[in-house]
Each structure stands twice: as structure tokens, then as C-alpha cells.
There are 2 protein chains.
Amino acid sequence: MNTISVLLVDDHTVVRSGLKALLGTQGDIAVVGEASSGEEALEAAHEHTPAVVLMDLAMGAGMDGIEAIKLLRQWNPKQAVIVFTTYDSDADIVRAVDAGAMGYLLKDAAPEEIFAAVRGAVQGKSVMSAPVASRLFQQLRNPDEILTPREAELLSLLTEGLSNRDLGKRLFISEATVKTHLAHIYAKLGVETRAAAIATAIRREGMR
Amino acid sequence: MNTISVLLVDDHTVVRSGLKALLGTQGDIAVVGEASSGEEALEAAHEHTPAVVLMDLAMGAGMDGIEAIKLLRQWNPKQAVIVFTTYDSDADIVRAVDAGAMGYLLKDAAPEEIFAAVRGAVQGKSVMSAPVASRLFQQLRNPDEILTPREAELLSLLTEGLSNRDLGKRLFISEATVKTHLAHIYAKLGVETRAAAIATAIRREGMR
DNA sequence: TGGTCTCTCCACCTTTTGGCTGATACCGGT
DNA sequence: ACCGGTATCAGCCAAAAGGTGGAGAGACCA
């Protein structure tokens, strides 16, 4: 059996060390690089061409995880990427899957689950933590309530307290478009105001 | 120099592994136990009597970190406890310090910072990550930013997504009064819109 | 090819919110 | 008795948000 090369991307030193220590116990898995930001991840991926990238979505500064996934997959469409993050936010799950993530693990996953995800990823299998799977499942059962990737993106920014104008600037779209998206989001979430949307989003998604 | 015994408490396996790997590189620090919940932490502390307890505040199920700190310190008032967590929430910082934490580190802290905190803790020194320190400092310097009971009540309802009219009805006050309170709340929170106030409130206070 | 989804944009209009100024009343401490 | 903080209310005005209806471009799929 071939050794599976893995690139770790996380801005927390301890998390990288932990993953390295855990993965190091497996003979068939080798950590070939580490990165603490999206930018570094791209560089490291070009340099080491890892079979699997294990990536945290929440990176302190600079490019966020989703963007990094998109660029990684753009550069190498076969690149297997597993999201390894703390929260099972609906918006993040949708965006990550959309960006091309092969798996979605929570940081409290058992070591075996992580190993299985890495091994599965190289074979093209998707592995996700149980809470994540159940959320996705729920969403598939209620297609009306699924936010489109763009809507999810908007909602996520909404929870930061931005105005319509700011949302437009941030996403490079007009205020009119922002209002259109918001109207759709309100309808899907079953609320009438942005305040309620924010409250719902944060409570329902574990965003912060 | 004596070896410093450390107990790790975190529900994330990878974080424990990472800390263990990092601390293991230091000759004067030895991890003597691990726990993944508040309950386990108490047991382990009784068994191993560690010099320092490194504790995550957010534990999936059961007793939370704050409660665990209180009980640890109740059992052994000299027990040094360092909080090691992901978020610098105002509410958590205050509660942790109040419960008797000696230090407060964020998970993205540099390894050196962690070592320094552990060594400092056994000497009775408090060490905290820079963002944490600055938040505490701000709170101490600005007692103006404390919300009055009525304002806090309003803010709490605000995070449920109510309109000014609804807030008035719920609190049996006029809409004018609601607006007055809101203006004061915005000023104290340093925001301009209700959306930002909701976002700040939920993130600051760990409301969900 | 036609239908559906998504993302984008526009105009018009109503409602809500926020900024500003000012006012009354109660309570507690100096 | 005075002052500071809190809670209550009012009116005015500008800005922001929300509702309605419509529309074009590109992707994807049957």
C-alpha cells in the first residue's frame, strides 16, 4: 500500500501538532507539510503535492478556508480536501461542499474517524462527522430551506452586523442585489427582519 | 529545577495530543494526565495532583470549564489553572478569572507563550494572551460600558429579533422609550445598528 | 430545445430605524 | 437640598430596510 501524503492547514499550532502526532501513529499516513493560512496552504500544496489536504475553515487573517479550497481545486481539480473544523455551521457546510471539499470532520472527531476520512478521501469517498451528516440530510429533506451558496455567504456576513451597503461592497454586488438575496433568505428562514435572521442564523448554526 | 506536572483537559483529542507533543519538548514540563470533561478533570486532579491544569472552557457535554475550575479550586485552593480556549469572549474571561483561573490563553498562542504560562502559573504569575489582556483592560478602564439592568433586558430581547414596537409591547413601555434605551445600548457597545448590536451581544456573551 | 435555478440588477413605495434635542420623575448618596 | 444615574416619554427628520414586480444572463439538466 502506498503512503498517503497529507498537508495540514490550521492557524492553531497545537492543532497541527496534535494531528501530526495522531496521524504519525499510522504507518500508511505521512504529514508532508503544514500551513497556518490559506496563502501558505496554496504554496505548500504546490511544493509538496499532498494526496490529501486537511483544512480548518476558520483562519485568523487573510484568505479564509473556503477560498483556499476553491483555489486548491482550481489548480488541481483532483486535489482531495477534508475540512477539519470546530463548528457544524449549515452555511459553512454548504459552502465547503460547494467549493469541492471531500469530507467534513469536526475537531472532536475520534482519531479513527480522522484516519478513515483521510484513507477514504484518496479513494474519492466522502466522509463526514455524524452531526454534519445529519444536518446535510435534513437539508436534503427540506429543499425549500436550503440556502444557495451565495445566500449562505451573505447570511454569514449578515451575522457580523453589516449594512446592505457594506454587504454589497464586500461581495462586489449592488445594494439591489443584496436586497434580493436578503428577501430570499428571509423567506427560507421564515423570518421578516434582518434582526430575526441574524438571531436565527447564529442560534441555529453555531456561528460566532 | 523541579519538573512541572500538567493535567490537560479538552474534549478534542487532537488538541490534547498537540499540547502533549508541544509540552513534551520541554524538559521541565511533564503531562501527567488527560481528561475530556469537567468530571474527568476532577478525578484526574485528585489522582495525579498536577501542579498546573490546562483547561478548555468549552466542553461538549456535562460540566463546563468554569464549573470545573471552581470545584478544582474549592478542593485545592492552591491549584493553578490556566484556561486554554478558542475564543476571547468577554463573559468567559470575566467568569474564568472570577472562578480562579491563573491564566487565559487562546488556542492560536505561540508555543513559547504556552510554556511561559505554565512556568509562570506555578510561581503564582498570571499570563494571558494579548487579545485577552486588552479586553480585560478595556473593561476595567471603561465602567461606562456596563449596561443597566433594563438595558441588558432589552438587549436580550433584541437578540430574539424583535422590532421596536414588539419590544415596547413586551416590556410595557412606549416605542420612544425603546429607542432611547437602544441608543444607549449602541453607544455602550460601540455599534451603530441593531444588527451589529445583536451580533456583538451574542458573540460577547455566549448567548445562543 | 425548453425549463429551472441562480445570480445579477432596477424602480417605486412603505415601514422601520437611528440621530438629535428636550422633558419629567424617582431614587440614592453627599 | 442638590446631583447623578436610571427609566420613562415626545417630536422631527434623514437614512436604512423591506415589499412588490419585473428582467436579463449563464449554468445545468431532461
Side-chain angles (χ1 to χ4, degrees), chain A residues 66-67 70 73-74 77 90-91 93-100 136 139-201, chain B residues 142-201:
Chain A
I66 300 285
E67 191 58 28
K70 282 185 194 161
R73 301 264 311 176
Q74 193 172 313
D90 285 348
I93 296 174
V94 172
R95 289 194 301 152
V97 170
D98 195 63
L136 264 190
Q139 289 204 325
L140 290 178
R141 267 198 354 197
N142 286 349
D144 293 0
E145 290 180 12
I146 312 176
L147 299 182
T148 67
R150 194 56 159 173
E151 286 163 359
E153 203 175 351
L154 224 132
L155 180 57
S156 148
L157 287 176
L158 194 65
T159 64
E160 285 172 20
L162 300 182
S163 68
N164 290 349
R165 187 170 305 168
D166 293 337
L167 289 170
K169 283 182 187 164
R170 191 79 84 84
L171 297 175
F172 305 105
I173 57 180
S174 81
E175 210 177 318
T177 306
V178 170
K179 290 172 88 173
T180 304
H181 284 309
L182 284 181
H184 294 159
I185 291 173
Y186 296 163
K188 289 181 181 177
L189 293 185
V191 298
E192 289 91 44
T193 67
R194 78 168 41 210
I198 293 173
T200 306
Chain B
N142 271 339
D144 297 359
E145 289 182 10
I146 309 174
L147 299 181
T148 67
R150 193 57 158 173
E151 286 162 1
E153 198 177 353
L154 225 137
L155 180 58
S156 149
L157 287 176
L158 195 64
T159 64
E160 285 172 20
L162 300 183
S163 69
N164 290 349
R165 187 168 305 169
D166 293 337
L167 289 170
K169 282 181 188 165
R170 190 78 85 85
L171 298 175
F172 304 105
I173 57 181
S174 81
E175 210 176 319
T177 306
V178 170
K179 290 175 80 174
T180 305
H181 284 310
L182 284 181
H184 294 159
I185 291 172
Y186 296 163
K188 289 181 181 177
L189 293 185
V191 299
E192 290 92 44
T193 68
R194 78 169 42 210
I198 293 173
T200 306

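This one's a predicted model, so the numbers in the text were calculated from it and none came from an experiment. The sequence lines fix the lettering, A, B, ..., with proteins before strands; numbering per chain opens at 1.
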Begin from the C-alpha positions of Leu154(A) and Leu171(A) and carry the test side-chain contact (heavy atoms from CB on, under 4.5 Å) through to its verdict. CA-CA 8 Å; Leu154(A) 224 132; Leu171(A) 297 175; 3.8 Å; yes
Angle separating the five-pair end axes of the helix from dT1(C)-dA30(D) to dT30(C)-dA1(D), nearest 10°, is 40°
Measure the shortest side-chain to side-chain distance between Glu160(A) and Leu157(A) over non-hydrogen atoms and say whether it is less than 4.5 angstrom. yes
Is there any protein nitrogen or oxygen under 3.5 Å from a nitrogen or oxygen in nucleotides 7-17 of chain C, and what are the pairs?
from    : atom 1 : to        : atom 2 : distance (Å)
dC7(C)  : OP1    : Thr148(A) : OG1    : 3.4
dC7(C)  : OP1    : Arg150(A) : N      : 3.1
dC7(C)  : OP2    : Thr148(A) : OG1    : 2.4
dT8(C)  : OP1    : Arg150(A) : NE     : 3.3
dT8(C)  : OP1    : Arg150(A) : NH2    : 2.8
dT8(C)  : OP2    : Arg150(A) : NE     : 2.9
dT8(C)  : OP2    : His181(A) : NE2    : 2.9
dC9(C)  : OP2    : Ser174(A) : N      : 2.6
dC9(C)  : OP2    : Thr177(A) : OG1    : 2.8
dC9(C)  : O5'    : Thr177(A) : OG1    : 3.3
dC9(C)  : N4     : Thr180(A) : OG1    : 3.0
dT16(C) : OP2    : Arg165(B) : NH2    : 2.9
dT17(C) : OP2    : Asn164(B) : N      : 3.2

Minimum-distance pair of heavy atoms, taken over all atoms of Gly161(A) and Thr193(B): O-OG1, 3.8 Å
With Glu67(A) via salt bridge (Lys or Arg N to Asp or Glu O under 4.0 Å) - residues at least two apart: none
Going by the side-chain hydrogen bond (donor to acceptor under 3.5 Å, both in side chains) test, which pairs reach into residues 166-180 of chain B, not counting sequence neighbours? Ser163(B)-Asp166(B), Ser174(B)-Thr177(B)
Grab the two heavy atoms, one from Ala197(B) and one from Leu158(B), that are nearest each other, plus how far apart they are. CB-CD2, 4.2 Å
Distance check needed: dA16(D) C1' versus Ile198(B) CD1, whole Å only. 15 Å
Taking salt bridge (Lys or Arg N to Asp or Glu O under 4.0 Å) as the test, write out the residues that go with Arg150(A), two or more places apart. Glu153(A)
Which heavy atom of Ile198(B) sits nearest to which heavy atom of Thr159(B), and what is that distance? CG2-CA, 4.1 Å
Pull out every protein N or O sitting under 3.5 Å from an N or O of nucleotides 24-29 of chain C, one pair per line with the distance.
none

Leu189(B) atom CG is separated from dG18(C) atom C1', nearest whole Å, by 15 Å
If I compare all heavy atoms of Glu192(A) with all of Tyr186(A), which pair ends up nearest, and what's the gap? O-CD1, 4.0 Å
Report the distance from atom CG of Leu182(A) to atom P of dA16(D), rounded to the nearest whole Å. 15 Å
Trace of the side-chain contact (heavy atoms from CB on, under 4.5 Å) decision for Lys188(A) with Thr148(A): CA-CA 10 Å; Lys188(A) 289 181 181 177; Thr148(A) 67; 3.9 Å; yes
